[in-house]
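Scroll down for the structure; my scribbles are underneath it.
In what follows, chains carry the letters A, B, and so on, assigned in the order in which the sequence lines appear, proteins first and then strands, with residues in each chain numbered from 1. For the numbers below, each heavy atom of this structure counts, side chains included, while hydrogens, waters and symmetry mates do not.
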Amino acid sequence: MKKSIINGLALLPFTAVPALAQEGGSIDQAVNEAFAAATGPFVSFIFAPIPGTSFPWIVMWLVVAASIFTLYFGFIQIRGFRHSIQLVKGDFSDPEDAGEVSHFQALATALSGTVGLGNIAGVAVAVGIGGPGATFWMILAGLLGMASKFTECTLGVKYRNEYPDGSVSGGPMYYLSKGFTERGLPGGKVLAFLFSVFCILGALGGGNMFQANQAHAQISGIVGDFPGWITGIIFAAIVFAVIVGGIKSIANVTEKVVPFMGILYVVTALVILIMNFDKIGWAFGQILEGAFTGLGVAGGIVGALIQGFKRAAFSNEAGVGSAAIAHSAVKTKEPITEGLVSLLEPLIDTVVICTMTALVITISGMLIMDPATGNFVLDGSSIKTVGDVSGVALTSAAFAQGFSWFPYILAIAVILFAFSTMISWSYYGLKAWTYLFGEGKTKEVIFKVIFCLFIVIGAAASLGPVIDFSDAAIFAMAVVNITGLYFLMPIVRKELGSYMGRLKSGEIRRFKH
Amino acid sequence: MTAKILIGLDGSEAGDRAVAFAKQLASLIGDCELIALYVIEWSPYSFQTAEENAERHKRREAEIASAKDRVINPAVNALKAEGFAARGLVKHGHVADLLNETAVSEGASQIVVARSGERGLASRVFGTSTAHLAMTAEVPVTIVG
C-alpha cells in the first residue's frame, strides 16, 4: 500500500503528460539510434580485439601498463601503503599550511568522482556478463591500478600550473606538455591535445551520459517506466543551476551527503554479508572457480577476465588521467606524497566497494545457475538473472534480497552518486576544454551547456550504446595518458628515490606523533 | 621577562569583553604583551568539490585578509593606541585546539576568552568551543561572562 502511494506520488508529474510520454518513447528510440550510429566506429576501434584473439587490445594496454608501473616502482602499492595512510591522517602536514587543501580532501574529492555508478551498476554489468569470476580479475586490476594512479597523480602535482591569483590547474594535459619539454622529447603538445579531446568525450560519456542513463534506470525501476528524456531534462536543469548558475549550495550538500551514502552502502553490504556468512566461503569459491574456469559464461575465462578488467578500469579510472586533475590541487611541496595518497583510491573504490557489490550479487542468487552442470544459464551473452534485470537494477534486486527497503536508499544513492560524478567530470571536462580553447567566461559556458545537453541524451538512450561510448571515450584517454606515462616515469622514479631517501634520513619530518 | 596573554577573538561583542578583561590584567602585570588570535574554523577532513580545491589557496588568503581587516587589526591598533604591547594572529583550524596550541607555543601564561555565543543543537551535543577549551587547555584559562 505504502509503496503504491509513494509510486503514485512520484508518478504524479508524469501522469499529466500521457501523450508526451507516448511520444517520449519514439524520441528515446530516435536518440538511441542516432547515437549508436554516430559513435559506432569509434567504439569498434577502441574495443577491437588483438588479431587472432577475442581479447580487446585496450584492456591489455591498461593491465600491461599497471603491471609495468608496479614492477618499475618496486611494488609501491605495498611498500608505500603505510606511509600513504600517515599522509592522509596529516602526520606529515605542516601546521602552517592549515586552511589549504589537505591530502585527505584531495583524496576525498577524487574519490567522489570515481565512487559512483561504476561501483554499483558497472560491477553488476561485469558480474552479469562475466560471472562471479570477473570479481577476481577486478580485484587484481584494482591492486595493479594503484601503481598507475601513483604515477599519474605524482606527475599531476609536479607539473601543475599555479596562477598568480593562487588558483591551480593540473592534469595530464599539463604534465604531457611540460614533462616532455623538460625531458627534451618531441610530441608532448600533441599528446596533451589528444588527451584533452578524449577527456572532453570521457566527461560527456562516462562522466555524464552513463550516470544519467543509470540514474534514470533506477528511478524508473521504482516509480515505473517513463521516458528517459524527462529524467534527463530534470538532471540537466539541476546540473545547469550548479555549474552555470553558480548555485554552489546544491553541490556543497551533495559533496557532504555522498560520502555518507558511500559509507551506508558499504555498511549495508557488510550487514548482508554477515547475515549470509555461511555463504561467503561459497561466494569466494565461485569467484575463484569462475576466474579460472568461467563457469560457463560467454567467452569462458577470457570473458570473465575482460569484464573484470574493463569494469575495474571504468570504476577506478587508474591510468585514465582524470584523477591527476582532481589530486593536483593539494597543498604539498613534495609531488610524491600525493602520488602515495592516490594509491588508496583504487583500493577503496575497486578492492573494497566493488568487491562488496560483487559479493552481494553472487550471494543473492540473482544469477541463475543450472544445478545439473553447476554452470550459469545464458541469455544471449549475459547470464540469465531472476526477473531479467541487468546493470543497476541487478544490484538493487540483489540488495533487496537482504533488505526489501534498500532499493529506495539505493535510488537516492544512485542519484546522488550520479550527480556528484557529473559535477566532478564537468570540472575535468572543463579543464580540458579551457586547455584547448583558452580561459574565458563565454568559452566555459559553451562547454557547460553542451555538458547539460548530453545529460538529456544519456538519459534517453538505451544502456548498450551509452555504456559502449562511455567506455570507449574513457579508455581513449588512457591510450594517450599511458603513452605519456611511459616516457615520464623516470621522473617519478627520481622523485620517489629522493623523497624516500630524505624520509629515511629524517630530513622530511613528521609534525604529528 | 615579558608576560604574555593570549586573547581569543571571534569578531563579536563577546571578544570585546575578553579584550577589556585582558587589558585589566596587563595593566596589573605591567610588562605584558597581548596576543589577539582569530581562528577560522576549518577541518582538513571536510569534503570539497574539485573546483573549490582549485580555488582554495586564493580563498584562504582572502579569509585571512578579511579576518585581519575586520577583527584583528582594529583590535591590535586600539590596544597599541592605548599603550599596550600587542600583536595579532589569524589561523585556520579547530578553535579550542588552536587557542591552546598557540598559548603553549607562544609561552603565554594565560588564555582569555569570552563566553561563547554558540547556541543550538550542535553546541548542546558537542559542547561549545569555550567549554572544550576549558576542559583541554594546558595553560590557565579565564572565561569572561
Determine yes or no for a side-chain-to-main-chain donor-acceptor pair under 3.5 angstrom, with [X] supplying the side chain and [Y] the backbone.
X         : Y         : result
Thr109(A) : Gln48(B)  : yes
Arg56(B)  : Ala329(A) : no
Tyr427(A) : Thr49(B)  : no
Gln105(A) : Ser43(B)  : yes

Return the option, out of Ser102(A), Gly166(A), Ala98(A), with the maximum number of heavy-atom pairs under 4.5 Å with chain B. Ala98(A)
Quick check for you: among His327(A), His103(A), Glu100(A), Glu96(A), which has the greatest number of heavy-atom pairs under 4.5 Å with chain B? Glu100(A)
Determine whether more than 12 heavy atoms belonging to other residues, nucleotides or ligands lie under 6.0 Å from atom OH of Tyr163(A). yes
Count the heavy atoms of every other residue, nucleotide or ligand shown that sit under 6.0 Å from CZ of Phe84(B), and state whether that count exceeds 12. yes
Atom CZ in Phe47(B), atom CG in Leu111(A): separation rounded to 0.5 Å? 9.0 Å
Taking every heavy-atom pair that is under 4.5 Å apart, which of Arg59(B), Glu55(B), His57(B) has the most such pairs with chain A? His57(B)
Note, Pro44(B) side chain near Phe104(A) side chain (heavy atom, < 4.5 Å): no
Measuring heavy-atom distances to chain B, does Val258(A) have an atom under 4.5 Å in its side chain, in its backbone, in both, or in neither? neither
Examine whether an atom of Glu52(B) lies under 4.5 Å from a heavy atom of chain A, and if so say whether it belongs to the side chain, the backbone or both; otherwise answer neither. side chain
